[in-house]
2 protein chains.
Amino acid sequence: MSDLLERLRGRGWRMTAQRRVVAEVLDGDHVHLTADEVHARAAARLPEISRATVYNTLGELVTLGEVIEVATDGRAKRYDPNAHHAHQHLVCSNCGTIRDVHPSGNPMLDLPDGERFGFAIADVEVTYRGLCPDCR
Amino acid sequence: MSDLLERLRGRGWRMTAQRRVVAEVLDGDHVHLTADEVHARAAARLPEISRATVYNTLGELVTLGEVIEVATDGRAKRYDPNAHHAHQHLVCSNCGTIRDVHPSGNPMLDLPDGERFGFAIADVEVTYRGLCPDCR
DNA sequence: TCCTACGATAGACAGAGTCTAAGTCAAGAA
DNA sequence: TTCTTGACTTAGACTCTGTCTATCGTAGGA
C-alpha cells in the first residue's frame with residue numbers, strides 16, 4: 001500500500017474502495033488534476049464511483065492536509081498531491097497546466113505585522129503565470 | 001472624465017454608456033468586486049445593463065491590462081482596478097475579502113532559467129491566505 | 001454473523017460564467 | 001445632418017463546477 005494510503009489509515013480514515021481509488025489516482029499520477037479528471041481516472045478503475053464521492057474525498061484530503069487546492073485562471077480547481085514539500089507553481093494562462101517549482105534562490109516570504117491589516121496569515125502562495133512551452 | 005476612461009478612449013475603445021458605467025464603477029470604488037457586484041452597481045446607474053455586457057467588458061479590461069482578475073478560495077473571481085502598481089494580496093479564506101499590500105521588505109521574485117521548464121513567465125502573483133479580522 | 005454509524009449514490013439544485021442570434025447604436029463618411 | 005456599417009448589447013438558454021439531500025450500502029467492531 002502506498003505511503004498516502006498508509007498515512008490515511010493511520011489517521012483512522014475508514015478505507016473504502018472509492019477512497020482507495022481516489023487516493024491512488026492522486027498518489028500515483030503526481031500531476032495536477034481537476035476534480036473531473038480525478039473522477040474520470042477513478043471511474044476507469046471503479047465505474048460506479050460518483051462525482052459527489054470524488055468531491056467529498058478530495059475535500060477531506062484537503063482538510064487533512066494531504067492535498068492542496070490550486071486555483072487557476074480557468075474554471076476548475078486543481079488538486080496537488082505534493083502537499084508535504086513547500087513549493088511554488090508555474091501556471092499556463094492558456095491551457096491551465098501546472099508545474100511545481102522548488103526555487104533555490106527565493107527567501108521565505110513574510111509580511112511585517114504593520115502590513116497585515118489584522119489578518120491571521122496561514123499560508124503564502126506564489127504563482128508564476130505565463131505560457132507553457134506547448135502554448136507559446 | 002477619469003484617467004481610466006481617458007486611457008481607454010485613447011486606445012480606440014468604442015465608448016458606450018455601458019462600458020463607461022462599468023469603468024466608472026471599477027475606477028471610482030477602488031475595491032475588489034465580483035462580476036456580480038459590478039453588475040449590481042452598474043445597474044444602479046443604468047438599469048438595463050446586462051450581465052453578459054458586464055462580463056464582456058470586464059474581460060476586455062483584463063485583456064487591456066487595466067484590471068487584474070484575482071481568484072479567491074470562494075467561487076467568484078474578483079476584479080482589482082489597481083493594475084498599474086505592483087502589489088500583493090491578502091485574501092480571507094472564509095469570506096473572500098481582499099486587501100492590497102505593498103510590502104516594503106520583500107525582494108522581487110524571479111525564477112532562474114533552469115527552473116522555468118520552458119515557460120514564458122509574464123507575471124508573479126503573491127497571495128497571503130488567512131482570516132480577516134472580522135472572521136477570526 | 002450481526003449491527004450500526006459512517007460513507008456512497010443518484011440526481012436535483014445553485015452559482016458563475018459563456019454563447020448565440022437578433023436588435024441597437026457610436027462614430028466615421030458623405 | 002443623415003446615412004452606413006460593423007462593433008456592441010441584450011435576453012435567455014446553456015455549460016461547467018460544485019453542493020446538498022434522501023436513501024441505500026457496507027466496513028469494521030462486538
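What's counted below: heavy atoms across the whole structure, side chains too, no hydrogens, waters or symmetry copies. Sequence lines set the chain letters: A, B, ... in the order given, protein chains first and strands last, and positions in each chain run from 1.
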- Degree of bending in the helix from C:dT1-D:dA30 to C:dA30-D:dT1 once both end axes are built from five pairs, to 10°: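 Comparing the first five pairs with the last five, the axes sit 30° apart.
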
Report the residues that fulfil side-chain contact (heavy atoms from CB on, under 4.5 Å) with [X], sequence neighbours left out, ordered by chain and then residue number.
| X | answer |
| --- | --- |
| B:V70 | B:I68, B:D80, B:H89, B:I98 |
| A:T34 | A:D36, A:E37, A:A76, A:R78 |
| A:R19 | A:W13, A:R14, A:T16, A:T57, A:E60 |

- Task: State which residues pass side chain to side chain donor-acceptor pair (under 3.5 Å) with A:T53; sequence neighbours excluded, sorted by chain then number.
- Result: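 Partners of A:T53 under the side chain to side chain donor-acceptor pair (under 3.5 Å) test: A:S50.
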
- Query: Can you name the side chain to side chain donor-acceptor pair (under 3.5 Å) partners of A:T127, sequence neighbours left out?
  - Reply: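 Not a single residue meets the side chain to side chain donor-acceptor pair (under 3.5 Å) criterion with A:T127.
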
- Whole angstrom value for the distance that separates C1' of C:dG17 from CG of B:D36: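 It works out to 11 Å between those atoms.
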
- Task: Can you tell me the distance, in whole Å, between the CZ atom of B:R78 and the P atom of C:dG17?
- Result: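 Interatomic distance, CZ of B:R78 to P of C:dG17: 11 Å.
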
- Message: So which atom in B:L26 and which in B:P81 form the shortest heavy-atom distance, rounded to 0.1 Å?
- Response: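 Looks like O-CG, 3.4 Å.
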
- Nearest heavy-atom neighbours spanning A:C132 and A:C92: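 Reported closest heavy-atom pair: N-SG, 3.4 Å.
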
- Residues in salt bridge (charged side-chain N to carboxylate O under 4.0 Å, His left out) contact with B:D113, at least two apart in sequence or another chain: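 With neighbours one apart ignored, the set is B:R116.
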
- Item | Single-linkage hydrophobic cluster, 4.5 Å side-chain cutoff, A:L131 and A:L90 together |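 No: no chain of side-chain contacts under 4.5 Å links A:L131 to A:L90.
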
- Evaluation steps, side chain to side chain contact (heavy atoms under 4.5 Å, CB included), between A:Y79 and A:L33: CA-CA 6 Å; A:Y79 294 85; A:L33 302 172; 5.8 Å; no

- Message: What range of DNA chain D does chain A touch, first nucleotide to last, counting atoms under 4.0 Å from its heavy atoms?
- Response: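 Range of nucleotides touched by chain A: D:dT15 to D:dG28.
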
- Reading nucleotides 3-14 of chain C 5' to 3', which nucleotides get B (base under 4.0 Å from a protein heavy atom), which S (sugar-phosphate only), which -? ---BSSBBB---

